A.B. asks: 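Below you'll find the structure I mean.
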Number of protein chains: 2
Amino acid sequence: MVQHQPSPLDGTFAALADATRRGVLEQLGRGDASISVLAERFQMTLTGMKKHVGVLEQAGLVRTEKVGRVRTCRLGPRRLAEEASWIERYRQTWDVRFDALDQVLAQLQSPES
Amino acid sequence: MVQHQPSPLDGTFAALADATRRGVLEQLGRGDASISVLAERFQMTLTGMKKHVGVLEQAGLVRTEKVGRVRTCRLGPRRLAEEASWIERYRQTWDVRFDALDQVLAQLQSPES
DNA sequence: TACATACTGAACCAGATGGTTCAGCATCAA
DNA sequence: TTGATGCTGAACCATCTGGTTCAGTATGTA
């Protein structure tokens, strides 16, 4: 069951693993923005911000369009559906395992069955 | 609004950004396992697997305990609650923005209001 | 005691990451 | 046409990552 092809989850989770990039997504949730606006907001060079936007765009979380000199960034097509469902599945497994553990502990403490 | 302190989300999302580590979590969801069992399952050296487990442990996703020579790995305290809620908030924002976009597009196509 | 097993730590490696500076190029405004 | 603005690409840098090998140490087992 080893996974050899890179999953799209790799890219999205990696994109989300950076506070600046999560901040950019939240910012874009409040409205579209140019590279320079984002760069100023996050106190970074244009080049640096462009790289972050590139990572987000690669992951499908941001879409950009250049008009004139200005490249406008907005939220992209990826809705994080697969990511959400992976995490939900994990949380269910976690609950099952820890419920089982709780039962074992309860048994150990009051084994009147 | 720039985030300077590293958020715990950084560590968990980074931990989830690797297919091997997601696989280890799924494996541990089916039952506890030693480092060597995991290493064999994912065709990797003990040292390599130990590093992955270290990353997961650091993120709170795995807990380990050494008894004798064997270090047993099990799911850790972190339930991915914050991660799930960050993603849910994002999905809601996304829906709002794209509903708004849809309305604009609908207006443009049939502006009879 | 002797040998195998299970892990551990240090060192190394290639490639990715998160930033920078610098030198362009295109576009808009005066 | 001149100058400011906005972005882009190349090059560089330090650090992190995902793996390895090799040389231990500790623990079981015969």
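Basis for what follows: all heavy atoms, side chains included, without hydrogens, waters or symmetry-related copies. Computed from a predicted model, the values in this text were never measured in an experiment. Chain A is the first sequence line, chain B the second, and so forth, proteins listed ahead of strands; every chain is numbered from 1.
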A.B. asks: Would you indicate which nucleotide in dT8(C), dT8(D), dG19(C) comes nearest to any side-chain atom of Leu46(B)?
C.D. replies: dT8(C)
A.B. asks: Expressed in angstrom and rounded to an integer, what is the separation of Met49(B) atom CE from dC7(C) atom C1'?
C.D. replies: 14 Å
A.B. asks: Quick one: is dT17(D) close enough that its OP1 or OP2 comes under 4.0 Å of any side-chain N or O from Lys51(B)?
C.D. replies: no
A.B. asks: Counting only N and O atoms by type, is there a donor-acceptor contact under 3.5 Å from the side chain of Arg22(A) to the main-chain atoms of Leu16(A)?
C.D. replies: yes
A.B. asks: Please confirm whether the backbone N or O of Val24(B) pairs with a side-chain atom of Arg41(B), one donor and one acceptor, at under 3.5 Å?
C.D. replies: no
A.B. asks: Using only side-chain N and O atoms of Ser34(B), determine if any of them is under 4.0 Å from OP1 or OP2 of dA6(C).
C.D. replies: no
A.B. asks: From dG9(D), dG18(C), dC7(C), pick the nucleotide closest to the side chain of Arg21(A)?
C.D. replies: dG18(C)
A.B. asks: Distance from Glu26(B) atom CD to Trp86(A) atom CH2, nearest 0.5 Å?
C.D. replies: 5.5 Å
A.B. asks: To the nearest Å, how far apart are Asp10(A) CG and dT17(D) P?
C.D. replies: 15 Å
A.B. asks: Nearest whole Å is fine: how far is dA16(C) P from Asp18(B) CG?
C.D. replies: 14 Å
A.B. asks: Nearest whole angstrom, please: distance from the C1' of dG19(C) to the CD of Gln43(A).
C.D. replies: 14 Å
A.B. asks: To the nearest angstrom, how far is Glu40(B) atom CD from dC7(C) atom P?
C.D. replies: 12 Å
A.B. asks: May I ask you to verify if any side-chain N or O of Lys50(A) is less than 4.0 angstrom from the OP1 or OP2 atom of dG9(D)?
C.D. replies: yes
A.B. asks: Answer whether the closest heavy-atom distance between the side chains of Arg97(A) and Asp32(B) falls below 4.5 Å.
C.D. replies: yes
A.B. asks: Summarise how protein sits on nucleotides 21-30 of chain C as a single string, 5' to 3': B when a protein heavy atom is under 4.0 Å from the base, S for sugar-phosphate-only contact, - for no contact.
C.D. replies: BB----BS--
A.B. asks: Between Ala59(B) and Thr12(B), what is the shortest heavy-atom contact and its length?
C.D. replies: O-CG2, 3.7 Å
A.B. asks: Main chain of Asp95(B), side chain of Arg79(A): is a donor-acceptor contact present, judged purely on distance under 3.5 Å?
C.D. replies: no
A.B. asks: With a 4.0 Å cutoff (strictly under), does any side-chain N or O of His52(A) reach OP1 or OP2 of dT17(C)?
C.D. replies: no
A.B. asks: Please check the phosphate of dG6(D) (OP1 and OP2 only) for any side-chain N or O of Arg71(A) closer than 4.0 Å.
C.D. replies: no
A.B. asks: In whole angstroms, how far is the C1' atom of dG18(D) from the CZ atom of Phe13(A)?
C.D. replies: 19 Å
A.B. asks: Nearest whole Å is fine: how far is dT5(D) C1' from Ile35(A) CD1?
C.D. replies: 14 Å
A.B. asks: Using the side-chain hydrogen bond (donor to acceptor under 3.5 Å, both in side chains) criterion, which residues pair with Trp94(A)? Sequence neighbours excluded.
C.D. replies: none
A.B. asks: Can you tell me how far P of dC7(C) sits from CD of Glu65(B), to the nearest Å?
C.D. replies: 13 Å
